[in-house]
Amino acid sequence: MQILQPIFAAAEAQEQGFWEGLWESFEKTFITDDRWTFFLNGLWATLRIAFFAAIIGVLLGFLVAAVRSTHDMRHKKCRSFGDAIIKILNVICNIYITVIRGTPTVIQVMIMYFIIFANSRNKELAAVLSFGLNSGAYVAEIVRSGIMSIDKGQFEASRSLGFNYSSTMYHIILPQAFKNILPALGNEFIVLIKETSVAAYVGIAELTYVGNLIRSRTYEAFFPLIAVALIYLAIVMLLSFLLKRLERRLRSSDH
Amino acid sequence: MITNNEVLIKVEGLKKSFGDLHVLKGIDAEIRKGDVMVVIGASGSGKSTFLRCLNLLEEPTGGKITFEGVDITDPSVDINKHRQKMGMVFQQFNLFPHMTVLKNMTLGPIKLLKYDKAEAEAKAMSLLERVGLADKAYAYPSQLSGGQKQRVAIVRALAMNPDVMLFDEPTSALDPEMVGEVLEVMKHLAKAGMTMVVVTHEMGFAREVGTDIVFVDEGIILEQGSPKEFFENPKNPRLKDFLSKVL
């Protein structure tokens with residue numbers, strides 16, 4: 001027994017050390033130098049980038065989808081000046097979608113940051129534009145699939161009443177399409193929020209960058225990374241909740 | 001001004017092809033004010049395409065359609081203006097599912113005819129009353145039966161004050177017990193003097209209400225006449241054959 005005494009003591013000391021160590025690690029991660037404010041600033045930057053990128057993505061997506069569906073609904077033959085314009089725009093949109101979907105987001109962000117914005121100081125704008133452009137390509141295809149999902153009869157009924165093409169889109173097709181694509185659109189926003197973490201790669205101080213920065217400064221990996229993960233999770237859960245409510249409200253005409 | 005018996009729609013040499021498929025091979029027809037033209041024919045004969053060409057839902061590949069004195073096949077014509085005067089009822093109803101019945105009926109009058117909301121709604125309600133659906137004004141299309149949907153589709157078109165109504169097989173998608181209620185509405189409409197072009201398989205309706213029966217076969221009008229001579233004394237062997245199958 002006498003011989004075992006030190007071993008017990010050591011174990012005890014180690015056990016206490018675990019909780020103490022954990023506290024110390026927590027303190028280093030969040031409290032020392034008010035590092036919790038770093039997380040807050042990182043979160044704020046992430047939300048900013050995602051929000052403005054989503055706006056660009058949606059606007060661009062709807063625009064590209066409008067061009068592509070207009071083109072698909074028109075006749076193959078190029079008869080008027082308008083047909084020619086739509087045809088050219090459609091080619092541009094196709095190239096845009098192909099390039100964006102065919103290259104990694106990291107590369108796109110790096111090109112935007114190191115080449116296009118090489119001489120600009122507004123690094124966050126580079127991120128917003130690059131994620132917005134990226135998201136727009138995906139939103140465009142989502143919206144186009146939504147427009148195509150609407151029965152042709154809806155279009156004909158509206159045109160037969162005397163509505164022109166754009167009024168038909170606005171009053172009849174898009175409201176129905178929007179309801180159909182909301183789940184896919186919500187998914188795109190969730191992906192977008194998480195994808196902004198790629199901006200850490202070029203040193204923009206968003207949430208992931210901050211977590212990694214604190215990890216390297218404190219040599220503590222656990223708290224910074226878990227904290228970052230939990231914050232993303234919380235944002236995505238909140239967003240899912242809001243989207244579900246919106247979906248339920250829009251479904252009021254289905255009985 | 002269009003007076004009675006004046007030609008409302010004049011079709012000359014109407015042709016329509018989809019690629020190599022020639023659906024309409026030169027159709028001439030006149031629809032006068034107050035006429036109820038009933039178009040019959042086998043499926044694939046081109047009768048629906050003919051109807052859909054009248055308001056340019058299908059763009060003709062040849063020929064001319066004059067509506068109220070204007071050649072609407074002329075590309076410089078604003079077809080949307082003329083479509084407001086041509087109501088259309090579809091086989092599949094095509095009500096707007098995201099709007100109530102009342103909204104379905106007032107959207108056109110408010111946005112296109114610039115009615116104010118109260119005016120448009122009052123008119124819609126009186127139309128709904130006429131077809132016995134006033135209690136459905138705030139229902140969504142998915143809550144209605146097929147027959148009710150088609151009656152709403154008819155009054156939605158009527159709410160635009162059209163000069164002519166085009167019916168594209170309005171009872172073909174209905175359950176048999178609902179065909180009657182829709183035909184009843186159409187009969188009343190014809191009696192009230194509405195000019196109508198009806199593509200249908202309802203021979204009873206054609207005989208009773210039609211003023212001018214047209215038999216379309218392989219893209220041309222094979223026979224045309226008043227219901228009496230058309231049904232009692234068909235001349236063309238293909239029409240005889242067709243009638244023996246459907247009557």
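In what follows, every chain begins at residue 1, and chains take the letters A, B, ... in the order their sequences are listed.
- No more than 12 heavy atoms of other residues, nucleotides or ligands shown are found within 6.0 angstrom of NZ on K64(B).
- For R48(A), the CZ atom counts as densely surrounded, since its 6.0 Å shell holds more than 12 non-hydrogen atoms of other residues, nucleotides or ligands.
- Open room surrounds CZ on F51(A); 12 or fewer heavy atoms of other groups in view lie less than 6.0 Å from it.
- Annotation: K123(B), atom NZ; neighbour count of heavy atoms from other residues, nucleotides and ligands within 6.0 Å is above 12.
- Atom NZ of K15(B) sits in a sparse spot, with 12 or fewer heavy atoms from other residues, nucleotides or ligands closer than 6.0 Å.
- Only the side chain of R52(B) comes within contact range of chain A, judged by heavy atoms closer than 4.5 Å.
- When the candidates T100(B), V89(B), L95(B) are compared by the number of heavy-atom contacts under 4.5 Å with chain A, L95(B) comes out ahead.
- One finds the CG atom of L112(B) at 7.0 Å from the OG atom of S167(A) (value rounded to the nearest 0.5 Å).
- Tested against N80(B), the residues T168(A), N164(A), L161(A) include a single side-chain contact (heavy atoms from CB on, under 4.5 Å) partner, N164(A).
- Few gaps surround OH on Y113(A); more than 12 heavy atoms of other groups in view lie less than 6.0 Å from it.
- Heavy atoms from other residues, nucleotides or ligands lying under 6.0 Å from OH of Y201(A) number 12 at most.
- For the atom pair NE2 of H98(B) and CD of Q154(A), the computed distance is 7.5 Å after rounding to the nearest 0.5 Å.
- At a heavy-atom cut-off of under 4.5 Å, chain B is reached by D151(A) from residues 125-151 of chain A, listed in order of number.
- Heavy-atom neighbours of F18(B) CZ from other residues, nucleotides or ligands within 6.0 Å: above the threshold of 12.
- L107(B) touches chain A through backbone and side chain together, each having a heavy atom under 4.5 Å away.
- In terms of heavy-atom proximity, F90(B) sits nearest to A157(A) at CE1-CA, 3.6 Å.
- Contacts between M160(B) and chain A at a heavy-atom distance below 4.5 Å involve the side chain alone, from C-beta outward.
- Summarising the geometry, atom OG belonging to S158(A) is positioned 12.0 Å from atom NZ belonging to K111(B); distances are rounded to the nearest 0.5 Å.
- Side chain of N55(B) to backbone of S160(A): no donor-acceptor contact under 3.5 angstrom is found.
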